[in-house]
Amino acid sequence: MNADGPVVNVHVLFFAKSRELANTPRSTVEVPTEITATELLDHLVSKFGLTSIRDNLILAHNESYIDNLSDRILFKEGDELAIIPPLSGG
Amino acid sequence: MNADGPVVNVHVLFFAKSRELANTPRSTVEVPTEITATELLDHLVSKFGLTSIRDNLILAHNESYIDNLSDRILFKEGDELAIIPPLSGG
Amino acid sequence: MDHVKLVNDPIDIAHIHQLLADEGCGASSVFVGTTRDNFQGKKVLSLAYEAYDSMALKEMNKICSDLRSKWLDLKHIVIYHRLGTVPVCEASVVIAASSPHRSEALESVSFAIDQLKTRVPIWKKEIYDGDNDSEWKENKE
Amino acid sequence: MDHVKLVNDPIDIAHIHQLLADEGCGASSVFVGTTRDNFQGKKVLSLAYEAYDSMALKEMNKICSDLRSKWLDLKHIVIYHRLGTVPVCEASVVIAASSPHRSEALESVSFAIDQLKTRVPIWKKEIYDGDNDSEWKENKE
């Protein structure tokens, strides 16, 4: 992940299996103000030990799903990012 | 209705509007042991004053609907026949 | 199990949910038909149901058999119809089913209420406010 | 009205039926998801749900909006999901709707449970008997 440009702190939330692997429900992470979802996911997977479940994860930014991993995300200080393993509600 | 041949007594049940027009919930009626549904219906409509609702009536013989007015019905003594106006259950 | 009944008192919906319960079931679907206070702009004062009881029960049981032959995994089925005067907002009919997975419960209940309205010999009479005559209702197809 | 909730206690089904009641409604449809005691031959000892609460409520409310834009006559909608440990045979989710006529209530509820399973950030973990590992479940499409 390229941290040369401007960075902000975002709150990362971990759920279900990702929380068990990361061993925490949340963490504050410094991220570039602009980054593709794939790069971001790769960074978080590596930083928090989520490799075994990487292929099934999606992300939510400020409570909206990121539909395409090729999307560019624009972050502001204090934004919320969630690691979303496959759903099993209902 | 041709009552020259053998006849039996059947119990005729009237429901909803047909009961109000016939002014009774049931009546014992003498019918031929064999008759088409149409002939039977015509006879009952005329005998019990059901002309105003004739076109929407169906019959049930021993708790089974008579699907076709051209069907021949075979009656035994004590059989049950019901006059069925359009349904409105549920 | 099939639970088929004609009742004269208010239908106990919590009881119906209990009839559906089963450790092997992951889904229940419940349809409730309730009485409305209006029809084509006329205010309904009250309405009452009557049935050809023995044949109504026979047809309701046939509906249960039909459901089980189309949806093989259904566990419990409930078809209750109330007769007599039913005040506005109260349940006149409840059709419910439980199954391991949701599609069977949902589809069978929807099918069953359509079947009930076309096959079960039950009639409803509505009494209206004002100068409107009371009417024997007729289910549309 | 839309009634959307995450709860930690047993869901009161009679209360939900009351939320649906309306003199203008002739139909209510209620779907109840309950916990089963088995999965692929393994006995389920217990299971627990967790949620991304704020986003789950947001998605549940979006589902209500979607329902109202597809089925214009819906009156009341209820979406309740229970969190935490849910004993076998108890309700984990209830989705319900009321409307003047039956098709809207029946169709919208069926659509809504499909939507919930694909969009609402809630996860279920099952703990099995014996040597079987516990598992985070995954909804199939």
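Chain letters run A, B, ... following the sequence lines, proteins first, then strands; residues in each count from 1.
Heavy atoms closer than 4.5 Å to chain B are found in the backbone of Ala51(C), but not in its side chain.
Of the listed residues Gly90(B), Pro85(B), Pro86(B), the one with more heavy-atom pairs under 4.5 angstrom with chain C than any other is Gly90(B). In terms of heavy-atom pairs under 4.5 angstrom with chain C, the leader among Ala16(B), Ala60(B), Ala82(B) is Ala16(B).
For Ile84(B) against Pro121(C), the heavy-atom pair with the smallest separation is CD1-CB, 4.3 Å.
Here Ala112(C) pairs with Ile63(C), Leu67(C), Ile95(C) under the side chain to side chain contact (heavy atoms under 4.5 Å, CB included) rule; sequence neighbours left out. Not counting sequence neighbours, the partners of Leu74(B) by the side chain to side chain contact (heavy atoms under 4.5 Å, CB included) test are Glu34(B). In this structure, the side chain to side chain donor-acceptor pair (under 3.5 Å) partners of Asp42(B), at least two apart in sequence or on a different chain, are Arg54(B).
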Less than 3.5 Å apart and able to act as donor and acceptor by atom type: which atom pairs between chain B and chain C qualify?
unit_1, atom_1, unit_2, atom_2, d
Ala16(B), N, Glu50(C), OE2, 2.8
Arg19(B), NH1, Glu50(C), OE1, 2.6
Arg19(B), NH1, Glu50(C), OE2, 2.5
Arg19(B), NH2, Glu50(C), OE1, 3.2
Glu20(B), OE1, Trp136(C), NE1, 3.1
Glu20(B), OE2, Lys125(C), NZ, 2.5
Glu20(B), OE2, Trp136(C), NE1, 3.3
Glu63(B), OE2, Ser54(C), OG, 2.7
Tyr65(B), OH, Arg119(C), O, 2.4
Glu80(B), OE2, Tyr52(C), OH, 2.5
Pro85(B), O, Trp123(C), NE1, 3.0
Pro86(B), O, Trp123(C), NE1, 3.3
Leu87(B), O, Asn139(C), N, 2.8
Ser88(B), N, Ile122(C), O, 2.9
Ser88(B), OG, Lys124(C), N, 2.8
Ser88(B), OG, Lys137(C), O, 2.8
Gly89(B), N, Ile122(C), O, 3.1
Gly89(B), O, Asn139(C), ND2, 3.1
Gly90(B), N, His81(C), NE2, 2.8
Gly90(B), O, Tyr49(C), OH, 3.3

